Each structure stands twice: as C-alpha cells, then as structure tokens.
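Residue numbering restarts at 1 for every chain, and letters A, B, ... go by the order of the sequence lines. Note that the coordinates shown come from a computational prediction; the quantities given were computed from them, not determined experimentally.
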Amino acid sequence: MQRIGVFVCHCGTNIAGTVDVKKVVEMAAHEPGVVHAEDYAYMCSEAGQEKIHKAIKEKKLTGLVVCSCSPRMHETTFRNAAEKAGLNPYMVEIANIREHCSWIHKDMEEATEKAVILMRAAVAKVNLDAPLKPGESKVTKRALVIGGGIAGIQTALDIAEAGYPVDIVEKTPSIGGRMSQLDKTFPTLDCSSCILTPKMGEVNAHPLINIYTYSEVESVAGFVGDFTVEIRKKARSVDMNKCTGCGLCQEKCPSKKSLSEFNRGLSTRSAIYTPFAQAVPNVPVIDRDACIKFKTGKCGICSKVCQAGAIDYDQKDEIITEKYGAIVVATGFDMIKLDRYDEYAYSQSKDVITSLELERIMNAAGPTGGHLERLSDGKAPKEIVFIQCVGSRCADDRGKSYCSKICCMYTAKHAMLIRDKYPDTNVTVFYIDVRTPGKNFDEFYRRAVEDYGVNYIKGQVGKVIPQPNGKLLVQGADLIDSKQILKEADMVVLAAAIEPNEGVRKIATMLTASIDTNNFLTEAHAKLRPVESPTAGIFLSGVCQGPKDIPETVSQAGAAAVKAIGLLAKDKLLTNPCTAHSDELLCNGCSQCANVCPYGAITYEDKEVNDHGIRETRRIAVVNDALCQGCGACTVTCPSGAMDLQGFSNRQILAEVDAICR
Amino acid sequence: MQELINRAKELLADGTVARVLGWKAGDLPYNPEPAYFEKEEDFADFVYNGFCGANLSKYMIEASKLEGKTLVCLKPCDTYSFQELMKEHRVDRDKAYIIGVGCKGKLDIEKIKAMGIKGIKSISGAEIDDEAETLTIDTIYGEKSCAYKDAMLERCHVCKGKDHMIFDEIIGESKETKDADRFAEVEKIEAMSPEEKFAFFQKELSKCIRCNACRNVCPACSCRKCVFDSNKFDSAQKANVDSFEEKMFHIIRAFHVAGRCTDCGECSRVCPQGIPLHLFNRKFIKDINELYGEYQAGADLEPRTPLTDYRFEDAEPGIVAERG
Amino acid sequence: MKTEKNRAEMIKEISGVNPLKCMKCGKCSASCPSYNEMDIKPHQFVSYVINEDIESLVNSKSLWKCLSCFACVERCPRDVKPGKLIDAARQIVVRERGNTYLDPDEIPELIDPDTPQQLLVSAFRRYRR
Amino acid sequence: MKYSYYPGCTLKNKAQDLDHYARISAEALGFELEEISEWQCCGGVYPLGTDEIATKLSSVRALNDAKEKGQDLVTLCSACHHVIKRVNDDMKNVDDIRTRANNYMALDEPYAGETKVLHYLEVLRDVIGFDELKKKVTNPLKGKKIGAYYGCLLLRPGKLMAFDDPENPKIMEDFIRALGAEPVIYPYRNECCGGYISLKEEDMSKEMCRKIEKSASGFGADMLITACPLCMYNLNKNNGDNLPVYYFTELLAEALGLKEEVEEQ
Amino acid sequence: MSIEKNEEFRPKIVAFCCNWCSYAGADLAGSSRMSYSADVKIIRVPCSCRVNPMFILRAFERGADGVIMCGCHPGDCHYTSGNFYARRRMTLLFSMLDYIGVENGRTRVEWVSAAEGAKFSQTMHEFVDKITSLGKNVRLEDLRCRN
C-alpha cells in the first residue's frame, strides 16, 4: 500500500476563489492510501516545495498528488521537488484543478465537487504508480540544417561557431535561398546580395560546416540526440572536386532554352548551369531533362570544353548516411500559385507580375539587367499599380487565412525604389490595411508616401482588364472617397501570399514534427518555446514556422542555433521512462503491435520463458526503450493485454475511470 | 474418405508427417471430434463427413510445437484461419502438411432435430463422396429424410467459396453452397429501432453462461491468456447476471478479433445456448468492408489488418450517428 | 412592425451571411458593375447590417440596381458575399410590405417584340413577390 | 446516349434557334436530348434566400424526373443551368432545404441531389470531347474571329457551377477552336450584360453591353457567341449592330454542315 | 413515506484527452476562462491511440452517461499516426454500440488542437447537452457496480 500525500494549491485566488480547498483536503484524507493532506497558497513556490519536502521526509510518503494547475505547467517542478526529497519523480500525479476546474466553473459547490473527484482520480492513479527510471541516451555532436537560405546559413554559422560540426542540406544547386533573389532589403535599402554573399562565403569556408547542395533528406530515423539521416545527393553530373567554376561549359552549352528558376522563369538558362553568378558552391549542375546529351546521347560539348575534366555524365545519385544530435528545419517559403486569382489577369498579361518577379526585374543581374521595363514590349512603365493581400487573409480555399506579414513593407520598398530611380513613373498601391509594426517600419512607409509621393488607396482591386492597346485597366475601389476607380496602368504588381515551401509536409512527416493546416511547422509553445518543435531535438528556423522578414528570420535562426547548441553540449540525455513493455508470459508474439508502432521500436525475439513451470521458447515482443515514445498505440492493438504503458497503465487508467464514475 | 485415409497412411509411413490431425467418430452418429492419428490402426475411427464442422487450424498452434510435421485436414474455410494464424506467427507453415479436404457444406444437427427428427440411429448421405442432396436418417421411429441444404449450418449458406487458400494437396471435391446474403441478418438488426436492438441482444446475451466455448474454439481468439482471465484490466470473469458484463465480454471479444476474424462461424456452431455470436463479428466485417474497403481476413498474408492500418481520408467516428 | 434588430437578424438568416467576417477590403465594390448607380455601395451593406440600420437599406435604390451577377460573391475573400445581403434586403422589401419595384401595368411600355420571356420572368422574381 | 433535356421558357419561343440547332447537332454527334415532360419555368434567377422553397420546386421536379429516368439532365440556357444546378446543390448539401422541398413534393422516394446537371457545352467537352467534335466538323468556320461571351451566370459562383475557371474560362474558346474558327480572348467576356435590369434600367445595360462589345472588337472579334437568350437580347439591343451575336449552337450546326439543310427545308 | 427529491439530472461524463493537443486545448479553454459543465471530467492519456475500448465500456459499466475522446486533428498527431488508428477503432466501437441498441449520442470523438480552446469548450457544451437530453445511461450500467 502506498503512503500518499495530497497537496492542494490555492494558486492565490485562482483556485481558492472558486474551489473550497479545505474541503478538498478534508475529503482527501478519506481516500485509500492517503496519509497526509494539506493546502497552501502557492505550492509551486519555494515555500510550497519545502512543505512537500518536509511531508515526504516526515510521513515517509511513497506517492504524491498535487492538486494545482495543469501538469503541462508544473509537473516537472513537482517531480523535481519529489526527487530532491528522495522520492521517485514518477510517483507524482497532478490533479488539474485550475485550468480544468476553478477557471471554468463559477459555482463554488460544483467546482469543489469536481476538484474532489479529480483529486480522487489522481490518488487512484498514484496508488498504482511504480517508480520509473529514465534511461540514458547518447548525443551525437553534429547538427543537420535542412535548407540553405538565410535562416539555414545563420543557424549553421552560429552552431559551427560554438564548435559543433554542421551539415546543410539544400535542395537547389546553390545555397542562398529567397534572399539571394531579392534586390534591396527594407527598411534600410541595402543591397541584398551585398549582405548575403559574404555570409554564403563564410559558410562555404567554415571548417566545421559541410554543405550538401542539390540534395534532399531521404529518410530520418532515431530520436533526439541520435538521429540517423539519409541524404540523397542528386547526381550533379559535374565533379565537385575537379570543377574550377570557370563557366565555359555554360557559355558553350547549346541547350539554352530552359527557364531560369532563379529568375522566376523570366529568363532562360543553359542546361548546364549555376543558378546565379555568386552561387555557392560555384559548381554547375546538368539539368538532365534539358541536356541534349542525356536526351539524345549526342552532344557532349561541355565535356569537351571542360579543361578540368569535371563533367561526369555517368554520375549517379548518392545516398549519404549520417548521424546527428539535433536537426534544424529551415525550409523557407515560396509564393502561392496565382491560378485561382485570374481576375488579376496574371495568366493573361505578361505585365501583371508578382512582387518577387519585380524583385528580379529590378535586379542588375535579372532578366532585364536591372531596367524597369514591361515584359510584353520592353517599354518603360509610366503607371504602376500594386495590389496588396493577393491570397492573404482569405477565408475560403482560394488563398491563405493568414497575413503574409512582409508584403506591406516590401511594397513600400518597391514603390520607393521605383519613384527614386524613375521619378516620372507614378505608383499607386491598393491596400486593405498597411501593417508596419517593427523598428523604423512605419517611418519607412510614411517616407514612401510623404517623400516619394506614392499614391496609397484604401480598397481592393476587383479586376485587372487588359486593353487592346496593351494597357491594363485596373478596376478598384477607393473606400475613403467612396469611388470606384478605373485606372489605366502599364504594369500591375501582385503581392502574392507566401506559403511554406513545397515538400515541407514530407519533411515534417519524416521528422514526426507537428505541422499546421497551412503547412507551417508548429512550435512547442507559441510564446515560451517558439523555436522548438514539440518533437524533441527538432528546431525551427525562419519562415517554415510562420511568415517573417529577414531580421526576424535571422533572430530566430540564432535562437534555434542556441537551442541546438544547448542540446549538443550535453553528453547524455535522459529518456522518457513512460514507455511500453510487453509481459512475456502474456505475449502471443502475433506482430500486431509492431504494425502500429510509428517508431519501429518493437521487435520480436525467440526467448525461453518459464510459464508457471512450463519452459518453452516463445516469440516475444521486445520494446526498445530508446525508440519508444510512449504513444500507446501498441497497447490497444494487443488483445491479451500483454503490452502495457508505464505511467499510463491499463489498470491506472481504469482506476481513474472508476474514481470519476464512483 | 478412403482416398484421404490412404494418403494419410502413406505420408505417415514414409515419414513425411509424424501425425495426422483429423476427426474421429464420436459416440453419436453426428458428433465426430478432432483427433490425432499416429498409427495405422488409429484410422479405424477416422471419419470425414458432413458433420466434421470443426475448424482444425487452431489445433495447429499446439501441433506446431511438436516434433515433426503434422498432416492437417483443412476445409476451404479453415484455410483462411490457417493463413491468418500464419500471419500472426502462431502456426508454423513448415510444421504443417495441409491436405485441403473437399467440402459440400457442413451440417447442423440442431436443424435436423428442429425438423422433428428425433431418436437418430444413423444418418446416410452425409459422406463426402455423396452428392449432398438428401439425407436419409434412420431413427427409432423409422426412416426419415430431409434435404441436405435444409440441414446445413448457417455459415455454409454464406460460404466464402470452395477454393482452398493454402494447401499441399487437395483431396475430394467441394461444392458452392452459398445461397444467402452474408449480411442480411446484420442488416435486419441495423434496421431496428434502438429499443428493438437492445431487446434483441439483451434476450440473446442473457442466455450466455460464460462457458467460454466460443473463445476456446475461435482460431482468432488464441491468446495464451485471455484478458478476461488476467488481472491486466481487472476484468476477471464474473458469474452471469442479467447485466452488462456479458455484453462487454462479447463486444470486446468481437473487437479483439475484428479484422482478423475470417467469419468461420465456429463460435455460433459451438455455443451450447445457441446464441448467434457470429452476428457480432459479421457486423465488424460489414463495417470494415463499407468503411475501409472489402477485406477478407486470411485471404492473403499481408501483415496489416484493417485495424492496424489507416487512410488519411478514413471516415470519422461521427459517421455512425450520421448514417443513423 | 419589426424592430431594426429583428430585421437585421432576418437579413442574416435569409442570406446565411455572417457580416462580422468582413474585413472591409472593398473587393465587392471594386468588382460591382452597378457601383456608380448605387447609393449604398456593396461593401457598405455589410456595415449597415452590422449597425442594424435596415430602414436605410430597404429604402436604398441599390436594391434595384444590383444585377445578381455574383461578381462580389465570386471574389469576396472573406465568405461574406454582399450580393446575398442585397438580395436578402430586397426580399425584406417585397415580403414585408408587398412593396415592389415592378408593376404589371408598366410592362407593355417596357417591352419590345424581341423581349425574351426570360427577362420578364427574372425581373418579376427579383422585383416582386 | 440519352439525356434528359430541360429547354426552359425562352427556348420554346424567342430563342428557338438555340434549341433547334442544339437538337440537330446532338443527333449528328450521337446523343439524344429527351425533353422532360411538363417542365415548368425555372424562374430565371436563383432565389438566394436560404428560406426560399417554393421558388425552387420547379427545378426539383425537373431534376427528379431525370433521376427517375436514370439520366443526366442537360440544359442550354445559362439562366436555367444556373438555377437548376444550384438548386440541385441545395438538395444535395443543405439539409433544411432538402427536407422542406421533399415535404412539399411528396415524391415516392425523396430527392437528394442525385441527378447530374450538365450544360450542353459540358457534354461536348467531357462526353464527346472537343477533339472528337473537331473530327466531325465538315464545314470548318475558317477565318472567323469569334469572341466567346460567357456572361455571369454560367461561371459564377465558381465553386458551385464548377463549369470552368470563373475568371479565365476556356471551354467556349476550345469549342470555337474545335469548329475551326479562331477564338478571341477579351477581358469582358465574364462581365454581366445587365441581365434583367435592362427592363427598367435600360441605360445601365446599354453601358455594360457597350463595354463588352468594345472590348471584344478591340481585341479583334468579328462576332460573339453566347448561350443565354437574355444576353443575346441585351447585346443585340445595345450594340450598334457592329458585332453580330449568335447562339453557340447555331455555329455548331453550321460547322457540322447542318445549317444549310435546315435552311433548305 | 419519504418524499422523493426532484433532483436535476447531472450526467457523468468522462473525457479522454491526448496530452499534446486536446489536453492542451482544454488547458487553453481554462486559461481563456471559457466555461463548460463541471460534469465533464478529463483523463489525460498520451495519445488518442492509448484509449482502449475497454476503458470506454468500463466507464459505462461504472455508470458514466457519456464518454468523449479528443485527440489531435488527423494528420497532426504528435506520434504521427496514433489518431488514425484511434479513429478506426472508435468508429467500429461506436458502430457496435449503436448495433446493440445503445443511443449513439453517448459516445463521441472530436479532434481538438492545442489552439482550439474555444472548440473544446463548445464541444463539451454540445456533448453535455446531448447527454442531458438522452438522460441516464440505463442500458450499459452494471447495477452491481453502483455504490
């Protein structure tokens, strides 16, 4: 029989205001096993914990029930307090009488009655608790960063600077990400590549950072501290060690009609290519779908011109297997497809473009060499209309429910840059709200209006109407002046919503990291653990977690790095002891449990057992404690009840049921 | 039958198998029982006729632990159970020599008795070599007869088919006996009002004496120790009262075999109280077919069963209320 | 006489629209082909319903200028779809007062030999009960 | 192949061409339009009020008639199509409307949106196939530059009508291509012609039609096609006769070489 | 003769909530002060897939009037796939209860994320109303278990 102490917290008036705590203490004394019951204003305080300590020592308690706030809040606190007093921390159960009781009920009698029942259920559970000991697992002192944009670059640099090796896996042929596609950055208008390129170089040169470009994560196994990751290095068809990056192959390549991904399809590139001039690594890849050699077997010009002999048509995809202690996801974003927003005529006119396309047009390395011109006829636009919130803040399935956060600022930036460089070009912005929270952000937007004369109109655009003369008639609303506006424009720029990069759901699934309905990775706690995934050992960096701009991304990247470093700095990790166990005398060895285990933690062994005198060899399920995460799927699949979960055993849950229904 | 016996003797003699698992005649003309035959002279009692309903696949769990191979006679429907047991690593394929025996539908003595045929001395027409059209029954009141079909077990009217799913060789012919809709009875219950449903099952289950015959015969219910006999759930069996315990037992039993039950119908066949226990299993089978796609347990060796598998777009539990 | 609150509720019920979902982006008014003919603009219908000023709505000439062309319904990003509110207000007029915008006596003057039945049928449906 | 066919009021009268050419073309293309017996007018506009029942019943009758015959229901007129398709959606998805409508109708078996509603153009696209249609064209309309005028009702609301992209449709353009002519894409093809408003607000309708016509001719169209008698009326009445307007079925019959036969008869 | 007290029916409701989503959702309902009936008592389980049909039947046997299970939304399970198995298990169990004549509103599954405090509270409101309208569970309670 256990010797149980029940501690009822007032939480100031948070609990005591609605629950008669004295009554709960009084009722607790009648419960089986309870030898001590008391209440206190703040159980989680030093003084409260001292009371627990004292009672454990004096009354020789073997189990604790703390009636307080949610176990998600202070279970660890009370477990630690128990441990300090020499009690096994898993002999502690929490009755949640705050979030699940005092805060939601008003009637004192009702709330007290419920608190008593919750206390009873917890006592019933403790009565069946057994001391548990967490296992230990090692930490592989190496981190993986998935995604080589500014988020991944910053995280990798910070981790490497702390002395841990880092691998970056980047899907495209170069690191750099979205930021490398930008021309200028707000609110300071520095040139994007001027601040990014040095960082790319730094990553490339860092002795502890290893970059896998043109590579993807193929599979992830293991758990915090000990992940095993397979990385598919796609065949580049160019030997990274031999290539000097001279660029002659690209120049001579006869297949030049592929659309440049880097320039958002606004220009073409050769079949053998580096995405952009400052690419890291500066080693081209052959796009095998476009390459004449791969399509017809004839050509081979690049191989002929390459003096370094780096071209290797026979290269195969390579699978690299590596172990990591921590994984940082930095998979970034893309713009949504606009095929369901054709009222803006995006697919009908070349002069309706997205903001990211404008970014490329404005860039000196872009398709127009940095000249602002219409893609239809190359003429300089004199009248440009920007449309905000295209696909953002949308309640139906055409767009996204969230605010994309960066569009207000980059549109102000674009408007300002255009007005600055082309003063005779008029710029009109149709907006719903201008959202500029951030240091120097509103000032920046006001400058666009006040110093650069950008015309901001509050109201959406209903339709963009291409005219026979090549102009675009923009039909919008001016809600302040109560007018419907018809404006003839030469170019229309759409601030399309951003969304997490394609493929992130697949990665999240491999990592068993939670992901929300918009495909953003979920943080462990929205406020208190914003850069960690609920899955241990997985950290979040950049837009994969939610829309954010560059400074925020860099901050988060640093924060994710610190969290990863904190993990890598440990020599050992304690594992969750609430794992499944199979009773070898009851196990049928039927393999049903392994079918439902998401972690592959169950294997089968032929084991000699002594079943009440009968010795025989049986096929028995064995759970790997290090892999088991304690979900319990196996326990329900097991018909004989051989498989049970420590800390949430069948008998414990039934005892809670009984206590509640009593 | 003679062919079967000859072949069994031959395999015993040449050492291919160490024993034969079949049926031997009982004390009445209609109650043969499963038995091992290890020596030639044992075969004097060997029978295989229309009353050999027992599914021998479950016996192979124990037989798999014995030295040498066991020749087992499996009817087409028994082979589903055998494959399901293979899937669950409960029987050892290498320890079995399977003779797929022909089947023309198995007989239900209760049905014959229900026709008013009493005092049975002997029955002819039930041999496997017979045409299985008519039974001639010699009783102390004289000779009676009935159509073979009318005396068949319910399960044979909804037979899964005359093909053996797994075998080493086949002896004897099988016959298609299906002439009813497998789910008709379930549908009839589904159409009842909640009160009628409750009354129906209350009436049936109150007959249960918890003799565990259903559990013991069931090839899917083969746990070393049943949860209802262990302290894992504090659910050790209680005496029969007109209350919930029996429903719990039968629901959980059906749930534990859901997706694994081949619908062999042994539970209903052996129930001494005549409770139509297959109605539980078949309800699950019907739901599984409708919600997760047609599935026949034991038809293949794929490891995942419907309850250890899922689809993202599976129906929500609310569908139960929606379809009313 | 129904109160304004009742009538606002009625509009919400008939239309099935929750006007609180509106984020005041004005895309409805930007899309409306009849915008210039309307005294109360499509996006304003939403706030009139929220503010329970139904009397103004039922007296608005906008009710009779709306084409039911569903441009606002198609493009509304917030699932508010002001066209439905306008129709609901129109329903209140034709149901509540027996008030109509079209008198059968007017018809002969309005039609010509080519007028399709469809035109009359549609107009009657929208304009009167 | 046999379809239930709902012609609608105007096709029996002012828009006989639309109906007639559709029928003979169907025959030539190998499908049959079986007119629903005793159909009633759809009402011309879809009653938006969620509490409207009586005004939806005529559609339900037609839909149920098709269901009983086990046929898909084909329509031609944009307005009829719009109304019937949306009522069908209500019957399928809105419990309250389904229950109340069925209470009124007292059918042998309740109607719950089982019938599939197809526009004639959808039959051409999805059943016959435009490639197949192209093969059957004997008199290709070479050199004709045709603007498709969709109007509002066929396309919107896009999610319910599920006819084509409501902002950038292409079914009629593909149809025009199949007939051997050149489609002219112009931005006003899905803008409203004014619809029923032309009865009392002639000027509004005139302004709208003028925009449509100007846009179409600006992009080089020398004729327009439509599926709606009211669009046809408004456009004809308001365009200075610069741009002739045809029912799409008339051009279909012409391309299939059936028009002359008719005229000869 | 004793006068029968006309006590208002107060249902006993057991709610199984997964630790990661629904229990957190219930916490959020609490910290947002979104009230629901005190008749609901929550049992924390690591995942909805930990809920054994035996637990549910046991609750009914011991006199519960309604049992609800909440878990992460399909696709969002902390353990990737637990709720998918739970969904199939509960669908079949509920169907069986319906089949043997138990009112089918007495059991429910609802997916509640950690962010859906309002949904949690709303769901509990609805469920309590439903159970109250169904009244006492007389079909499944084992009278021997009544104190």
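Side-chain contact between E:Asp98 and B:Glu190 is absent, with no heavy-atom pair separated by less than 4.5 Å. At a threshold of 4.5 Å between non-hydrogen side-chain atoms, the residues E:Arg87 and B:Pro317 count as touching. Using a 4.5 Å heavy-atom threshold, the side chains of E:Ile100 and B:Phe280 count as touching.
Cation-pi contact between E:Arg88 and B:Tyr292: present, with separation from the ring centre below 6.0 Å and deviation from the ring axis of at most 45°.
For the atom pair B:Glu316 CD and E:Glu110 CD, the distance stands at 8.5 Å (nearest 0.5 Å). The CG atom of E:Leu92 sits 5.5 Å away from atom CG of B:Leu307, with the distance rounded to the nearest 0.5 Å. For the atom pair CD1 of B:Ile288 and OG1 of E:Thr91, the computed distance is 11.0 Å after rounding to the nearest 0.5 Å. Going from atom CE of E:Met54 over to atom CE of B:Met248 covers 5.0 Å, rounded to the nearest 0.5 Å. Here the NE2 atom belonging to B:His250 is positioned 11.5 Å from the CE atom belonging to E:Met96, to the nearest 0.5 angstrom. Atoms CZ and CG, on B:Phe249 and E:Leu57 in that order, are 13.5 Å from each other to the nearest 0.5 Å.
Neither the backbone nor the side chain of B:Glu204 comes within contact range of chain E; no heavy atoms are under 4.5 Å apart. With a threshold of 4.5 angstrom between heavy atoms, B:Phe198 approaches chain E through its backbone and through its side chain.
Few gaps surround NZ on B:Lys286; more than 12 heavy atoms of other groups in view lie less than 6.0 Å from it. Shown here is B:Arg311, whose CZ atom has no more than 12 heavy atoms of other residues, nucleotides or ligands within 6.0 Å. In this structure, B:Lys188 places its NZ atom where only 12 or fewer heavy-atom neighbours from other residues, nucleotides or ligands lie under 6.0 Å away.
Residues E:Pro74 and B:Phe312 come closest through the heavy atom pair O-CE1, 3.7 Å.
At distances below 3.5 Å, at least one donor-acceptor pair connects side-chain atoms of E:Tyr99 with backbone N or O atoms of B:Leu279.
When E:Phe84, E:Phe94, E:Trp111, E:Phe55 are compared by the number of non-hydrogen pairs under 4.5 Å with chain B, E:Phe84 comes out ahead.
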